[in-house]
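Contents: one structure, followed by commentary.
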Amino acid sequence: SAMPEANGEAFVEAMGILARLLYTQGKYEQAHQIFEKMVALAQQTEADGFIVKALNGLVGSYYELGNFEQALRLLKEIVPIARGLSDSDLLAKVLNNQALVLQRVGDVREAQRLFEEILVYRRASGDPPGTGLTLHNLAMVLDSRGDYVRARQYAEEALVIWRELDDRHW
């Protein structure tokens, strides 16, 4: 089917929401196709932050499809761009995808290093959900490396954050 005329970044953002909804329904191939179209439209804007955001969605799609090699290839392209932007939240999201892919392919040492870097950004930005998720991811990596004491410390800190968030929503 033909894509409607792109109405700037809002249209591409809406495509990202649709792709993520398809993921929650297990429709990975359909979501992947939308991410590919998103990237093409984002590249037309020539806005680096927006392009990185769209490409990072595609990285997540490759991850979900189990195509870790393609995800890593794309990350080599976008991580340096993301590091050059002044958007630490976007950088944390890109590095998070990179860490998850590296963890899946067995490079847990580099995944740990990235999660530790992400944690600095998350704490600095005052992002409790992101901080809790990063602490959880870091605990999982440390657990897999046999560092059970630190893994437990991070897991407990994540639980405190999630309890506080849960209390705020009830």
Side-chain angles (χ1 to χ4, degrees), residues 9 12-13 16-17 19-21 23-24 28 31-32 35 38-39 42 47-169:
E9 293 183 12
V12 180
E13 290 282 350
I17 292 168
R20 285 187 288 280
L21 288 171
Y23 270 121
T24 62
Y28 303 119
H32 186 78
F35 275 121
M38 242 177 88
V39 168
D48 283 346
F50 198 54
I51 294 167
V52 167
K53 193 174 190 178
L55 286 169
N56 196 47
L58 190 57
V59 167
S61 180
Y62 282 127
Y63 176 88
E64 293 294 337
L65 293 170
N67 191 340
F68 307 121
E69 186 177 304
Q70 187 63 31
L72 288 172
R73 193 174 304 126
L74 197 51
L75 282 159
K76 281 182 184 168
E77 177 186 332
I78 67 173
V79 168
I81 300 167
R83 286 192 183 282
L85 300 172
S86 60
D87 186 342
S88 63
D89 182 57
L90 179 57
L91 176 59
K93 289 175 181 174
V94 170
L95 295 179
N96 187 70
N97 273 353
Q98 184 179 25
L100 291 172
V101 173
L102 289 169
Q103 187 177 6
R104 283 297 297 267
V105 299
D107 191 350
V108 290
R109 183 174 304 232
E110 182 63 9
Q112 177 184 337
R113 188 194 68 72
L114 288 170
F115 284 133
E116 288 168 347
E117 180 181 351
I118 296 162
L119 187 57
V120 171
Y121 296 125
R122 295 292 192 200
R123 289 190 199 275
S125 68
D127 172 15
T131 301
L133 180 61
T134 303
L135 288 164
H136 167 80
N137 288 339
L138 195 47
M140 298 299 286
V141 168
L142 290 166
D143 181 70
S144 73
R145 296 191 68 199
D147 190 345
Y148 304 118
V149 172
R150 284 180 57 212
R152 182 176 176 168
Q153 290 169 343
Y154 284 126
E156 288 174 350
E157 189 177 347
L159 281 172
V160 168
I161 290 170
W162 287 331
R163 281 191 193 116
E164 288 173 358
L165 289 171
D166 193 43
D167 288 346
R168 284 188 220 162
H169 290 95

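One-based numbering along the sequence shown.
Between His32 and Leu58, the closest side-chain pair of non-hydrogen atoms falls below 4.5 Å. Residues Lys53 and Glu13 have side chains in contact (heavy-atom distance under 4.5 Å, counting atoms from C-beta outward). A 4.5 Å side-chain heavy-atom check between Tyr148 and Arg152 finds every atom pair outside the cut-off. Arg20 places a side-chain heavy atom less than 4.5 Å from the side chain of Ile17. Side-chain contact between Leu91 and Asp87 is absent, with no heavy-atom pair separated by less than 4.5 Å. Counting only heavy atoms from C-beta outward, the side chains of Arg122 and Asp89 approach each other to under 4.5 Å. Using a 4.5 Å heavy-atom threshold, the side chains of Glu110 and Leu114 count as touching. Under the 4.5 Å side-chain criterion, counting only non-hydrogen atoms from C-beta, Val141 is not in contact with Asp147.
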So Tyr62 and Phe68, ring pair (Phe, Tyr, Trp, His ring centres under 6.0 Å) or not? Walk me through it.
CA-CA 6 Å; Tyr62 282 127; Phe68 307 121; over 10 Å; no
side-chain contact (heavy atoms from CB on, under 4.5 Å) assessment of Phe115 paired with Met140
CA-CA 10 Å; Phe115 284 133; Met140 298 299 286; over 6 Å; no
Can you check salt bridge (charged side-chain N to carboxylate O under 4.0 Å, His left out) on Glu157 and Arg123, steps first, answer last?
CA-CA 12 Å; Glu157 189 177 347; Arg123 289 190 199 275; 2.6 Å; yes
Before you tell me yes or no, could you show the steps for Thr131 and Leu135 under side-chain contact (heavy atoms from CB on, under 4.5 Å), namely the whole-Å CA-CA distance, both residues' side-chain angles and the distance that decides it to 0.1 Å?
CA-CA 6 Å; Thr131 301; Leu135 288 164; 3.9 Å; yes
Full working for side-chain contact (heavy atoms from CB on, under 4.5 Å) between Ile51 and Val39
CA-CA 7 Å; Ile51 294 167; Val39 168; 5.8 Å; no
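Here the closest heavy-atom approach between residue Asp127 and residue Pro129 is recorded as OD1-CD, 3.2 Å. Counting all heavy atoms, side chain and backbone alike, Leu21 lies closest to Thr24 at O-OG1, 2.6 Å. The shortest non-hydrogen separation linking Ala158 to Gly132 is CB-O, 3.5 Å. Between Ala31 and Ala19, the shortest heavy-atom contact is CB-O, 3.4 Å. Among all heavy-atom pairs drawn from Tyr121 and Ser88, the shortest one is CD2-CB, 4.0 Å. The two residues Ala99 and Ala111 make their nearest non-hydrogen contact at O-CB, 3.5 Å.
Using a cutoff of 4.0 Å between basic side-chain nitrogens and carboxylate oxygens, Arg113 and Glu116 are not scored as salt-bridged. Of the charged side-chain nitrogens involved, at least one lies within less than 4.0 Å of a carboxylate oxygen, so that Glu69 and Arg73 count as a salt-bridged pair.
From Asn56, atom CG reaches atom CD1 of Ile81 across 11.5 Å, with rounding to the nearest 0.5 Å. Taken from CG in Leu55 to CG in Asn97, the straight-line distance is 11.5 Å, to the nearest 0.5 Å. Note: Phe35 CZ to Tyr28 OH = 12.5 Å, rounded to the nearest 0.5 Å.
Side-chain polar atoms of Tyr23 and Ser61 form a donor-acceptor pair below 3.5 angstrom.
Partner Gln98 forms a side chain to side chain contact (heavy atoms under 4.5 Å, CB included) with one of Leu102, Val94, Leu100, Val101 and no other, that one being Leu102.
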